[in-house]
Amino acid sequence: MSQRAGSLAAVRLATWNVNSVRARLDRVLAWVQRSDVDVVALQETKCKDAQFPAQAFEDIGYAVAHHGLSQWNGVALLSRVGLADVRTAFAPDVPEFGDPPVVEARAIGARCGGVDVWSLYVPNGRGLQDPHYPYKLAWLESLRAAGAGWLAADPAAQVALCGDFNIAPTDDDVWDRTFFEGLTHVSEPERAAFGALDAAGFTDVVRPHAPGPGVYTYWDYQQLRFPKRQGMRIDFVLGSPALAARVSGATIDREERKGKGASDHAPVVVELAAQPPA
DNA sequence: ATGGTAGTCCGACTA
């Protein structure tokens with residue numbers, strides 16, 4: 001637990017799009033408890049702050065920060081290793097959407113166990129001709145610029161960009177590339193935006209521990225996609241160089257997608273090794 | 001089984 005310069009304890013970090021925290025609170029609580037995670041980034045809580053079941057998480061030992069403005073979107077951080085410097089925007093100029101335009105509840109960040117953890121719910125895009133699509137690309141570029149700025153200011157920063165990126169970065173990350181022809185999540189501009197995050201220094205820390213093809217984090221509720229193993233890999237933990245260097249393991253908890261009342265996304269867990277004093 | 005989603009607040013939107 002020492003926070004002396006250079007010294008950090010091991011951390012188990014998770015990200016999970018829960019597709020409504022209220023509709024499946026029992027499942028979320030049970031998963032958090034049995035998974036022994038220190039920090040959890042939740043997306044699609046689908047509630048306002050006053051509706052978020054903070055007490056239930058506090059009762060099992062977690063500090064809570066939630067950002068929700070309506071029944072849509074909504075992101076949260078749970079932490080049992082500290083939760084400080086909470087922010088609900090990664091930049092002063094995060095793109096807006098809607099009428100009237102607003103900054104939606106798609107990001108929350110905090111310092112947890114010496115790591116700057118962000119829970120991110122990237123806009124879906126909806127369609128290549130939909131206004132939501134350029135919004136998605138602008139939102140990702142805003143995130144990239146913010147992240148590049150953090151690393152320019154401190155190349156040793158420990159940053160984890162966790163969440164549902166709504167992008168399948170390679171053809172191995174969808175069950176059938178031809179099915180997605182003309183759809184979002186696989187288009188070149190989206191993949192370029194994801195690649196720009198990598199180029200800025202934020203690398204996918206899970207893939208080395210969960211190689212594909214056929215390894216996914218999301219399966220549509222429709223068309224029996226899960227039992228047919230027809231999924232997409234769209235949920236990620238992107239680590240800064242200093243954070244990526246500490247990753248000792250990662251898993252996609254496909255079991256949690258099973259059964260009645262499952263989210264359509266599986267939780268993703270990353271293990272960060274302790275870092276001795278510099 | 002010749003089929004087959006689920007969440008929000010209540011007909012339609014979102015994913």
Side-chain angles (χ1 to χ4, degrees), chain A residues 15-31 41-54 56 66-76 95-107 119-140 162-169 173-176 179-187 189-190 193-194 216-236 252 254-268:
Chain A
T15 186
W16 190 12
N17 179 322
V18 293
N19 184 28
S20 172
V21 71
R22 291 176 295 167
R24 54 184 56 81
L25 180 59
D26 289 349
R27 269 189 85 131
V28 175
L29 287 168
W31 184 86
L42 300 176
Q43 301 88 39
E44 274 209 276
T45 59
K46 287 188 168 176
C47 64
K48 302 177 185 181
D49 289 347
Q51 300 170 307
F52 187 80
H66 178 261
H67 179 45
L69 302 171
S70 71
Q71 71 268 47
W72 307 122
N73 312 310
V75 283
E96 300 177 316
F97 191 79
D99 185 18
V102 294
V103 176
E104 298 180 308
R106 294 181 177 276
S119 181
L120 304 167
Y121 180 44
V122 176
N124 175 283
R126 298 180 184 170
L128 299 181
Q129 305 305 320
D130 193 293
H132 215 252
Y133 181 73
Y135 166 54
K136 176 181 194 172
L137 296 177
W139 197 96
L140 286 161
C162 308
D164 176 359
F165 285 76
N166 273 315
I167 297 171
D173 300 319
V174 293
W175 57 275
D176 179 0
F179 178 88
F180 292 90
E181 202 59 53
L183 303 180
T184 59
H185 293 59
V186 300
S187 74
E190 289 166 281
F194 191 86
Y216 307 124
T217 64
Y218 163 85
W219 299 261
D220 199 303
Y221 287 124
Q222 301 185 55
Q223 303 299 133
L224 301 174
R225 293 288 182 225
F226 182 68
K228 284 153 55 174
R229 298 184 173 265
Q230 297 176 338
M232 307 173 75
R233 192 172 71 100
I234 58 177
D235 300 270
F236 299 94
I252 298 166
R254 189 179 180 282
E255 290 298 305
E256 180 55 31
R257 179 63 179 78
K258 296 180 178 179
K260 183 174 165 59
S263 169
D264 43 2
H265 294 252
V268 178

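The model shown is predicted, which means the values in this text are computed figures rather than measured ones. Atom set for the values below is all heavy atoms of this structure, side chains included, hydrogens, waters and symmetry mates excluded. Here is how names work: the chains are called A, B, and so on, in the same order as the sequence lines, proteins then strands, and each is numbered from 1.
Not counting sequence neighbours, A/D264 has no partner by the side chain to side chain donor-acceptor pair (under 3.5 Å) test. Partners of A/D235 according to the side chain to side chain donor-acceptor pair (under 3.5 Å) rule, which considers only residues two or more places apart in sequence or in another chain, are A/T217, A/H265. Here A/D130 pairs with A/R126, A/H132 under the side chain to side chain contact (heavy atoms under 4.5 Å, CB included) rule; sequence neighbours left out. With sequence neighbours left out, A/S20 forms a side chain to side chain donor-acceptor pair (under 3.5 Å) with no residue at all. For A/V122, the side chain to side chain contact (heavy atoms under 4.5 Å, CB included) partners are A/K136, A/W139, A/L140, A/F165, not counting sequence neighbours. In this structure, the side chain to side chain contact (heavy atoms under 4.5 Å, CB included) partners of A/L25, at least two apart in sequence or on a different chain, are A/V21, A/L29, A/P53, A/A56, A/F57. A/D176 meets the side chain to side chain donor-acceptor pair (under 3.5 Å) test with A/T178; sequence neighbours excluded.
Each of A/Q222 and A/Y218 was assigned the nucleotide of DNA chain B with the nearest heavy atom; the assignment lying further toward the 5' end belongs to A/Q222. Closest-nucleotide positions on DNA chain B for A/H132 and A/W72 were compared, and the one nearer the 5' end corresponds to A/W72.
Taking atom C1' on both nucleotides, B/dG7 is separated from B/dG11 by 15 Å, rounded to a whole Å. To the nearest whole angstrom, the two C1' atoms, one in B/dG4 and one in B/dC9, are 25 Å apart. Between the C1' atoms of B/dT2 and B/dT8, the separation comes to 33 Å (whole Å). To the nearest whole angstrom, the two C1' atoms, one in B/dA6 and one in B/dC10, are 15 Å apart.
Across residues 224-235 of chain A, A/L224 each have a non-hydrogen atom less than 4.0 Å from an atom of DNA chain B (numbered order).
Pairing each heavy atom of A/G68 with each of A/A105, the nearest pair is CA-CB, 3.9 Å.
Taking the 5' to 3' direction, DNA chain B first and last meets chain A under 4.0 angstrom from a heavy atom at B/dG4 to B/dA15.
Among the protein residues, A/Y121 comes within range of the sugar-phosphate backbone only, with heavy atoms under 4.0 Å from sugar or phosphate atoms but none that close to a base.
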